[in-house]
Amino acid sequence: MIMKKVFPLVLLTLFSLIFFSCAKKSQPSVQQSATGDVARSPNTDIQIQMYNLSVKKEQATTQSAYDTLSVVEYVLKNYPKGSYLVNFDKTFTYNIPKPAVIYLRNQNSTYVFAVVAKSKPGERLIESKNIVGYDQSFVNLDSTHLGTAFFYLVLLKADSGSFTDIWESPIPAHGGFNYMDMQRWAYDGCPYIRVDFHYARGIGHIDYNYFLVNGLINPPHLLMTYEWIDAKRTIANVNNDIYPDYYEYLYYNLPNRIYAADSIPFVWNVKDSVYMNTRNRRQTQPY
């Protein structure tokens, strides 16, 4: 009777040993940093990122040379350590966020717009959970504790089974990424990439609009627009040139109400590469 009880227990123990032994072999060979903090060990982080990517590739039902996983791999292999392809903010609590990429077919070639976040050298590596989403827009106040993220809009060209960098344009924000999409300017149909960030302090959002005024393969022109409780800036055509202009709205913030009392046009000054207030030429903005 005792043997009947012991034998299943022996089999269960043996099965557990075999299972955990196999599981151990399947894990990546990762060396912990001296401090034990992966966020401060770029070499350890890249090993983990590449292992996670290999798992996703194995689980993918279909694959191609230029799919999103290939973009992720290209960024990990060709950009400085601590650089990552960013995901959209979650639309719902439990949905899977989409990678921040836009594919474009142009003259028999495939191009990819992507939002990439790079870690500031010398600081802890950034994490997606700290730079994407509404609450993460507060990171602009003090981002050094969680690592400082530098965002970029990049254009890649699908070429010979991999990608080639065409251009890279900085995005002047450090946290709170929401989404990106492609739009067309109502004035002349010029395409532009809109990169939207949450702005929790103002209960609103900021858009960084990259206009392809000089074609696809040349660096874009940046115009920032925004809207929150007591501030607003909108795209406009003021002087009928190829560069977009904007209206800056003047708000009155009173104890009982907040309202826009006026709008001031700003135009792009090509000579000085700044936006200029048409009512006060000494007031300028870089984008």
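Just the heavy atoms: all of them, side chains too, but no hydrogens, waters or symmetry mates, feed the values below. Just so you know, these numbers come straight off a predicted model, no measurement behind them.
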Chemist: Counting only N and O atoms by type, is there a donor-acceptor contact under 3.5 Å from the side chain of Tyr275 to the main-chain atoms of Asp245?
Modeler: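 Between the backbone of Asp245 and the side chain of Tyr275 there is no qualifying donor-acceptor contact (under 3.5 Å).
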Chemist: Are Ile242 and Tyr187 linked, directly or through intermediate hydrophobic residues, by side-chain heavy-atom contacts shorter than 4.5 Å (ILVMFWY only)?
Modeler: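 Looking at the clustering, Ile242 is in the same group as Tyr187.
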Chemist: Can a salt bridge be assigned to the pair Arg279 and Asp262 using a cut-off of 4.0 Å between side-chain N and carboxylate O?
Modeler: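 A salt bridge links Arg279 with Asp262.
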Chemist: When hydrophobic residues are tied together by side-chain contacts of less than 4.5 Å, even through go-betweens, does Met182 share a cluster with Leu85?
Modeler: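 Looking at the clustering, Leu85 is in the same group as Met182.
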Chemist: For residues Pro172 and Tyr287, report the shortest heavy-atom separation together with the two atoms involved.
Modeler: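 Minimum heavy-atom separation between Pro172 and Tyr287: CB-OH, 3.4 Å.
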Chemist: Please lay out, stage by stage, how Ile206 and Tyr199 fare under the test side chain to side chain contact (heavy atoms under 4.5 Å, CB included).
Modeler: CA-CA 6 Å; Ile206 301 174; Tyr199 185 65; 3.9 Å; yes
Chemist: Would you say that Arg194 contacts Tyr208 through its side chain, given a criterion of any heavy-atom pair below 4.5 Å between the two side chains?
Modeler: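 Heavy-atom side-chain distance check fails, nothing below 4.5 Å.
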Chemist: Indicate yes or no for a side-chain donor-acceptor contact from Asn209 to the backbone of Leu223 under 3.5 Å, with no hydrogens or angles considered.
Modeler: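 Yes, the answer is positive, given that a donor and an acceptor are paired below the 3.5 Å cut-off.
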Chemist: Which residue in the set His198, Gln136, Lys98 passes side chain to side chain donor-acceptor pair (under 3.5 Å) when paired with Asp89?
Modeler: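 Exactly one candidate clears the test, His198.
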Chemist: Side chain to side chain donor-acceptor pair (under 3.5 Å) between Asp165 and Tyr79: does it pass, once the steps are laid out?
Modeler: CA-CA 10 Å; Asp165 289 278; Tyr79 284 65; 2.6 Å; yes
Chemist: Are Tyr243 and Leu222 connected in a single hydrophobic cluster, I mean Ile/Leu/Val/Met/Phe/Trp/Tyr linked by side-chain heavy atoms less than 4.5 Å apart?
Modeler: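 No.
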Chemist: More than 12 heavy atoms of other residues, nucleotides or ligands under 6.0 Å from CZ of Arg281: is that the case?
Modeler: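 At most 12 heavy atoms, drawn from other residues, nucleotides or ligands, come within 6.0 Å of this atom.
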Chemist: With the side chain counted from C-beta on, respond yes when Asp196 and Met180 share a heavy-atom pair under 4.5 Å apart, and no when they do not.
Modeler: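 Side-chain contact under 4.5 Å: no.
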Chemist: Checking Tyr66 side chain against Gly161 main chain: does a donor-acceptor pair fall under 3.5 Å?
Modeler: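 Answer holds: yes.
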Chemist: Which heavy atom of Asp241 sits nearest a heavy atom of Trp268, and at what distance?
Modeler: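 Shortest heavy-atom separation between Asp241 and Trp268 comes out as OD2-O, 4.5 Å.
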Chemist: Mind checking whether His174 and Phe151 have ring centres under 6.0 Å apart?
Modeler: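 No; Phe151 has its ring centre 6.0 Å or more from that of His174.
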Chemist: Would Ile264 and Tyr247 show up in the same hydrophobic cluster when neighbours are defined by side-chain heavy atoms closer than 4.5 Å?
Modeler: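 Cluster IDs for Ile264 and Tyr247 differ.
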Chemist: Under a 4.5 Å side-chain heavy-atom rule over Ile, Leu, Val, Met, Phe, Trp and Tyr, are Leu216 and Leu153 clustered together?
Modeler: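 Yes, Leu216 connects to Leu153 through the hydrophobic network.
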Chemist: Can you classify the ring geometry of Trp167 versus Phe113 as parallel (below 30°), tilted (30 to 60°) or perpendicular (above 60°)?
Modeler: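 Trp167 and Phe113: tilted rings.
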Chemist: May I ask you to test the Glu127-Ile131 pair for a side-chain heavy-atom distance under 4.5 Å?
Modeler: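 A side-chain contact is absent here, since even the closest heavy-atom pair is not under 4.5 Å.
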Chemist: Which atoms form the tightest heavy-atom contact between Val116 and Ser83, and what is the distance?
Modeler: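 Minimum heavy-atom separation between Val116 and Ser83: CG1-CB, 4.4 Å.
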Chemist: Which of parallel (below 30°), tilted (30 to 60°) and perpendicular (above 60°) describes Tyr192 and Phe211?
Modeler: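 Parallel: the ring planes of Tyr192 and Phe211 meet at under 30°.
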Chemist: So, the side chain of Asn269 versus the backbone of Asp272: is there a donor-acceptor pair under 3.5 Å, distance only?
Modeler: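 Yes; judged by distance alone, with no hydrogens or angles, the pair exists.
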Chemist: Does NZ or CZ of Lys118 come closer than 6.0 Å to the centre of the six-membered ring of Tyr152, within 45° of the ring's axis?
Modeler: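 Output yes; distance and angle both within limits.
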Chemist: Step by step, would you call Leu69 with Leu53 a side chain to side chain contact (heavy atoms under 4.5 Å, CB included)?
Modeler: CA-CA 7 Å; Leu69 291 179; Leu53 178 62; 3.9 Å; yes
Chemist: Please confirm whether the backbone N or O of Gln63 pairs with a side-chain atom of Asp67, one donor and one acceptor, at under 3.5 Å?
Modeler: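 No, because the side chain of Asp67 does not come within donor-acceptor range (under 3.5 Å) of the backbone of Gln63.
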Chemist: For Val75 and Asn78: C-alpha separation, side-chain torsions, deciding distance, then whether side chain to side chain contact (heavy atoms under 4.5 Å, CB included) applies.
Modeler: CA-CA 5 Å; Val75 172; Asn78 295 276; over 6 Å; no
Chemist: Do the side chain of Ser169 and the main chain of Tyr210 share a donor and acceptor less than 3.5 angstrom apart?
Modeler: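 Such a contact is absent between Ser169 side chain and Tyr210 backbone.
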Chemist: Does Ser263 reach the main-chain N or O of Tyr249 with its side chain, forming a donor-acceptor pair under 3.5 Å?
Modeler: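 Checking the backbone N and O of Tyr249 against the side chain of Ser263, no donor-acceptor pair under 3.5 Å is found.
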Chemist: Flag the pair Tyr103 / Tyr111 as yes when their ring centroid distance falls below 6.0 Å, and as no otherwise.
Modeler: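 No: the rings miss the under 6.0 Å criterion.
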Chemist: Say whether, by atom type as modelled, one donor and one acceptor occur between the side chain of Thr278 and the main chain of Pro265 under 3.5 angstrom.
Modeler: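 Here the side-chain-to-backbone pair exists.
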Chemist: Is there a donor-acceptor pair closer than 3.5 Å between any side-chain N or O of Asp45 and the backbone N or O of Ser41?
Modeler: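 Side chain of Asp45 to backbone of Ser41: no pair is present.
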Chemist: Of Asn87, Val115, Ile171, which is the lone residue that meets side-chain contact (heavy atoms from CB on, under 4.5 Å) with Phe177?
Modeler: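 The residue from Asn87, Val115, Ile171 that satisfies side-chain contact (heavy atoms from CB on, under 4.5 Å) with Phe177 turns out to be Val115.
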Chemist: How far apart are the C-alpha atoms of Met50 and Leu76, what are their side-chain angles, what is the distance that settles it, and do they pass the side chain to side chain contact (heavy atoms under 4.5 Å, CB included) test?
Modeler: CA-CA 8 Å; Met50 293 302 295; Leu76 290 175; 3.8 Å; yes
Chemist: Below 4.0 angstrom, N of the basic side chain to O of the carboxylate: do Glu73 and Lys57 qualify?
Modeler: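 Looking at Glu73 and Lys57, the cut-off is met.
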Chemist: Tyr246 ring centre to Arg233 NZ or CZ under 6.0 Å, with the angle to the axis within 45°?
Modeler: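 Geometry flag: set, cation within 6.0 Å and 45°.
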Chemist: Looking only at heavy atoms, what is the nearest atom pair of Tyr251 and Ile229, with distance?
Modeler: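 What the structure gives for the nearest pair is CE2-O, 4.0 Å.
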Chemist: Using side-chain heavy atoms (C-beta onward) and a distance below 4.5 Å, is Tyr226 in contact with Glu248?
Modeler: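 Result yes, sub-4.5 Å side-chain heavy-atom pair found.
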Chemist: Shortest non-hydrogen contact from Asp188 to Cys190?
Modeler: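 The pair with the smallest heavy-atom distance is OD1-N, 3.0 Å.
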Chemist: So, does Asn280 use its side chain to make a donor-acceptor pair with the main chain of Arg282 at under 3.5 Å?
Modeler: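 Yes; judged by distance alone, with no hydrogens or angles, the pair exists.
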Chemist: Taking all non-hydrogen atoms of both residues, which atom of His221 and which atom of Val213 are closest, and how far apart?
Modeler: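 The pair with the smallest heavy-atom distance is CB-CG2, 3.9 Å.
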